[in-house]
Amino acid sequence: MTDAVTHTGSGNGLLQLVPKAEAKQSMKDFKSDQEVRWCPGCGDYAILAAVQGFMPELGLAKENIVFVSGIGCSSRFPYYMNTYGMHSIHGRAPAIATGLATSRRDLSVWVVTGDGDALSIGGNHLIHALRRNVNLKILLFNNRIYGLTKGQYSPTSEVGKITKSTPMGSLDAPFNPVSLAIGAEASFVARTIDSDRKHLTDTLRQAADHPGTALIEIYQNCNIFNDGAFDALKDKQQAQETLIHLEHGQPIRFGTDRTRGVLRNQATGDLEVVTVTAHNEADILVHDAHSTSPTTAFALSRLADPDTLHHTPIGVFRNIQRPVYDTAMADQLDTAVDQKGKGDLAALLAGTDTWTVES
Amino acid sequence: MAYVIALPCVDVKDKACVGECPVDCIYEGPRKMYIHPDECVDCGACEPVCPMEAIFYEDAVPDEWDGYRTTDREVFAEVGSPAGAESAGPLPTDHPVVAGAPVREQG
Ligand code: SF4
Ligand code: SF4
Ligand code: SF4
């Protein structure tokens, strides 16, 4: 063993179950020999680089890391990671990853999915993984379009969006993945942006440190079919007024000279964006990602305008500790063995309660 | 590994590449543009838009411009990682290989 582990956070005791790397790792160790086949300029490259750059920090044995994906552009991700991986079935990555994480607790299991894969065909699997709190890290690349199938509207596309499948504009109200995850009882929910390497890496770090399901929504530019979808958050000037950086324990302020802030309306209980004055400064909401109640985190997720993206919070919305499915299941199995002895699968299958169907 | 910018960019710098880069890692030097080797995510968006065909993957730089294989990496050895060319502004000096290149005739 070497001192490969530079990871200092101790939040995720479950990481101790995963064997450590024998030597110090670098980003190169996590690059596979596969040619990366996203369109030139795709935001996926930036996310891949950030994940490959972050992995050495965890210092886990590569053989004990798994990336499971579904179907879509983002789901090519496992090919490019020099770890185990599975390019699985459309929308089913959370289900497959749940099986892996619960049966092999010596693995660090990551899910890579997109807005189509996770929120359309896979919506059901996603919400159940979240409510169970399986020890998975889910990276949801949101580009608000179907890229792989060449540009149809997705479950996160804005109302009125003109695409190949919505020539007169989309009629569907979009999902907000952060709101959805909080509503599905997620214990860790964050949002970040493909091109902000530092913020993305910091968010990965916090997610890895979380015991249970961590969902990170990553705003990702599809420069071919939905170019500039997040420019309002990326342009340095505009971002001053559009982006809200959430930091646990800090007052939620933003804008040039931090003159804007988030305040709770005492009459309605809802949150609103205000200009900070000497009069209201003391009342500006302080972000509490650890709050047991999801109410304020949910209200924060509703601040952003889905069309203009004004007042989009990024960072960790919610980060609470609650029982982890894998641990609870392992405990239950131990209890069953204690009480009833080791099971006999063959005997169980043959059973005692059989019958014959006669014609 | 990353993309690098070779001799044809020197004294041209039309910056067509800059607008394509999703992570803003193409920095301006006095005579040439430079790609930050650690910030570049290998997305390949800059390479086809360069009118001078000056951009190459590090291990595919033509032999005639061999010296340019490492100019970009070395120039940032002192600068570090500013995380964004737009806010960092231009680099104060060129790499010696670039500074010593013959001045391109205008026109
Ligand atoms: S279609 Fe869009 S999301 Fe898919 S690889 Fe190309 S740029 Fe990326
Ligand atoms: S596009 Fe080519 S010539 Fe123009 S600045 Fe970029 S590297 Fe230089
Ligand atoms: S390859 Fe992509 S990330 Fe690298 S410099 Fe070119 S455009 Fe920027």
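Letters A, B, ... mirror the listed sequences (proteins, then strands); counts begin at 1.
- Within a 6.0 Å radius of CZ in Phe56(B), other residues, nucleotides and ligands contribute more than 12 heavy atoms.
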Report all side-chain donor-acceptor pairs from residues 306-316 of chain A shorter than 3.5 Å, counting only partners two or more places apart or in another chain.
unit_1: Thr308(A); atom_1: OG1; unit_2: His310(A); atom_2: N; d: 3.2
unit_1: Thr312(A); atom_1: OG1; unit_2: Leu309(A); atom_2: O; d: 2.5

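- For the set Ala46(A), Cys39(A), Gly43(A), the entry with the most heavy-atom pairs within less than 4.5 Å of chain B is Ala46(A).
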Can you pull every donor-acceptor pair closer than 3.5 Å across chain A and chain B?
unit_1: Gly41(A); atom_1: N; unit_2: Cys43(B); atom_2: O; d: 3.2

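- Considering only residues two or more places apart in sequence or on other chains, Phe225(A) meets the ring-ring contact (aromatic ring centres under 6.0 Å, His included) condition with none of them.
- For Thr149(A), the side-chain contact (heavy atoms from CB on, under 4.5 Å) partners at least two apart in sequence or on another chain are Tyr146(A), Gln152(A).
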